[in-house]
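Below is one structure, written out as structure tokens; comments come after it.
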Amino acid sequence: MRTDTPQTIYRKDYTPPSYLVDTVELGFDLDPARTVVANRLTMRRNPDSAQREIELYGENLELVALRMNGKTLGESDYRIEGSLLTIPNAPEEATLEIETVCAPELNTTLNGLYTSNGSFYTQCEAEGFRAITYFPDRPDVMAKYTVMLRADKEKYPVLLSNGNLIEEGDLGDGRHYAKWEDPFKKPSYLFALVAARLVCQEEKFKLADGREALLQVWVEEGNLDKTDYAMQSLKNSIRWDEERWGLELDLDRFMIVAVGDFNMGAMENKGLNIFNTKFVLANPRVATDVDFQGIEAVVGHEYFHNWTGNRVTCRDWFQLSLKEGLTVFRDQEFSADMVGTESGRAVGRIDQVRTLRQAQFPEDAGPMAHPVRPDSFVEINNFYTVTVYEKGAEVVRMYQTLLGREGFRKGMDLYFERHDEQAVTCDDFRRAMADANGRDLSQFEHWYSQAGTPVVRAETRYDEIAKTYTLTLFQSCPATPGQSSKFPFHIPVAVGLLGADGRDMPLVIDGQERGTTAVLELTAAQQSFVFENVQEQPTPSILRDFSAPVVLDYNYGDADLLHLFSHDSDPVNRWEAGQRLAMGRLLKLTGEVGVGASLLLDDTFLMAMGKMLSDESLDPAFREQCLLLPSETMVAEQIEVVNPLSIHLARQFVRANIGTRLREELLAQYHANQTPGEYSPDALSIGKRALKNLCLAYLTAAQDEEGLRLAQEQFDNAGNMTDRVAAVSALLHARAPNVDQVLQRFYDEFEDEALVVDKWFAMQASSATTDVSGVRALMRHPAFNLRNPNRARSLVSSFCANNPVQFHAPDGSGYAFWAEQVITLDALNPQVASRLARAMDRWRRYTPELQEHMKKALQQVAGQQRLSNDVREVVGKALAN
Ligand code: TRP
Ligand code: ZN
């Protein structure tokens, strides 16, 4: 907690470390109130640095002893300024022995060494290791670690750290010890320890080269019936990394540990991944389809970091997307390959596009906009963003689109060949891609250096006599903080042309046959592409498979969109056509709600939706995607002056209209997509449940009696959590008369399942039927606890981020609540507080009345004397001119 002005750190100021560390020996005497850490490190001067001082970082540590080459250092031998400890005049080689004390049970930040339900866990990324011991805590200092853990045997029977267990035993006094050795050099952010009362599911797994690895999933007793899916996902991940990339597990032992108090999703500590329980624990009774999918993705993600992040790591934190963008891309491809089918792959891709538009485009257009590789930051924890992760993954995907799958694989192989066990930069990755393929990718650098979402505007012209079709593309990129003008990007634009019969036309450009989808490379501000031998006026399908993270501006008419929605062979653009049809209606109706006009939804749109709904030649999962309307947030992004209530009413009107006018089709599909028998989270069953539950949501949105009855029946008889949650949420949103009883029964049945109680809070917090006073009442519920991040997010963050109508109440009461919660949370856990703070990012886009209230709330937070760097950076940037 700081009271001084926070410092900005710049990428251009990077200098190599003054000293390198070869070995680290850590000794822990674990005690919740007073843990003693002995740290012995061997260091030597870095030949690449001109600097002579040893620089160590430490935070919230009591320094007990500091020795160099056997001699105790006195106060005059070193300086401590803030978190930096400097030892001037250090010799060429130095062995440091450092003894410190910390208090894990008082650590509510969940950064560094902390306790959760009485056990010990660590979180070191990005800069948590310095809260455990003094160390050159930066990712370009890589060392070999040996760790000795000592703790009470009764309370902490399980002692884990990175690498291999080399010794364990009794200490006689009720305490025991375990000694771990990590055979690989690693940066300090990958250090981890766990000392806890846990049980595990374990298995020996045969690797491609014939070695056997021990796989373990560690959880609290009572959760052993929820580890199968995580274990299966881990085995699938290992296999997939071998098969798709030729990357093998480099350890004899790989552990996953689930913890209930965790700031993020999971952490890729070498050989000892630590996970939020949300991404480990699942069985059909307590977890939804989305939870199962999340587990597969996150288990994969952390496992894949073993190569992309751990074996090859980041030189500095500005390069974060080097590991995160690449690893998200890898986990996306993994999930797609696990589904297996082309249409399953498309449904996953549509989800990715949705996330990007829903969360990343707004970030890129707001006060926290930053390039995939940021130029500066105040608090690095604020830069674990959708831009670094999801847009970063899109940037990686574009290499594959430009180079082809094989070319991309060649680039990956060269990347590992060159950089194994090194700390490198995004430029190194780009160079490997370019060199492996003999391509010039210098212009591609702008994807890393320029913030903002590029706009690609398209114009088309058909020449009936020459039989040519000319597509002219113009690119631009809006100004973002600190970047007023931009260079043109290197943009892959995948294009197909549909004939009147709905079929793809064969494409010919410059006399070259280009199949039915051509990847055009847009590199200039304006560029024309001429398709030859085009026999009739085509309908263009532009940006197929969402080939670049841009906004496509093309003046599609309804007729074009209906044609694409019925026929496009590219499922992403087929879905996209439906979204454009829906967005047009939502925007028009939002305007009409505002002036009190009577609302009308046209038959054309409803018929298109009805036809899609009932087209049984298509996967249920795909039909569900096509029927889902753009969210209120996405509509808001299209409007200059946002009134959340108008958007909500317009969208509710469309939902209710679909429910009424497609009633018969919805009921038919509700019944046709039941999944009787044993629950299985396979893609087909997930798709059926999704479509069936969307039908239920539309029927109940229309207050349809049969729909409400079916929802109640589904709640009473549900055999899995997916159907149960869908039923509750349908009844809740429809304000069904008995919904309080339903909520109570749900709570009573699952009150011992923390992750289900989170759902119970989240459903209510994000329902337009819950206002601020309702949320305040829920905060007084005995099960509410602000210190647990999952619980805090389920209620407070869900309300502020997912309940636009109530959060933006005209009297400003939602914003006052937000300010209060940000301030309270900040004193406990700055990382969680700072994410909540971002709910106000887009405040300048609301009506003047709402803006006034929002500004006051932001100023109230910014005016606090004591505030973390995390929150100060977010509210400071929100308020900046
Ligand atoms: N590297 C982690 C991941 O992407 C992210 C992470 C986990 C993290 N815990 C954190 C980032 C705490 C910042 C702070 O898988
Ligand atoms: Zn990651």
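We number each residue from 1, following the sequence as shown. Atoms within each ligand, like the ligands themselves, are counted from 1 in listed order.
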For Glu302, atoms of ligand 1 separated by under 4.0 Å from a heavy atom: 3 (C), 15 (O)
His301: numbered ligand 1 atoms lying under 4.0 Å from its heavy atoms: 3 (C), 4 (O), 15 (O)
Asn162 versus Trp180, side-chain donor and acceptor atoms under 3.5 Å: no
Atoms of ligand 1 close to Glu268 [distance to a heavy atom under 4.0 angstrom, numbered from 1]: 1 (N), 2 (C), 3 (C), 15 (O)
Ligand 1 contact on Glu125 by region, counting heavy-atom pairs under 4.0 Å: both
Element-labelled atoms of ligand 1 that are located less than 4.0 Å from some non-hydrogen atom of Asn381: 13 (C), 14 (C)
Contact with ligand 1 for Asn263, non-hydrogen, under 4.0 angstrom: no
cation_pi(Lys186, Phe184) dist<6.0 Å, angle<=45: no
Per-atom contacts, ligand 1 versus Lys323 - under 4.0 Å to a heavy atom: 1 (N)
Nearest-contact summary for atom 7 (C) of ligand 1 - protein heavy atom, Å: Ala266 O, 3.0 Å
Flag for Arg330-Thr308: side-chain donor and acceptor within less than 3.5 Å: yes
Minimum-distance N/O/S atom that Glu324 presents toward the Zn ion (ligand 2): OE1
Rounded distance (nearest 0.5 Å) linking atom CG of Leu281 with atom NZ of Lys226: 6.0 Å
Atom 4 (O) of ligand 1: nearest protein contact (heavy atom, Å): Tyr389 OH, 2.6 Å
Gln831: numbered ligand 1 atoms lying under 4.0 Å from its heavy atoms: 12 (C), 14 (C)
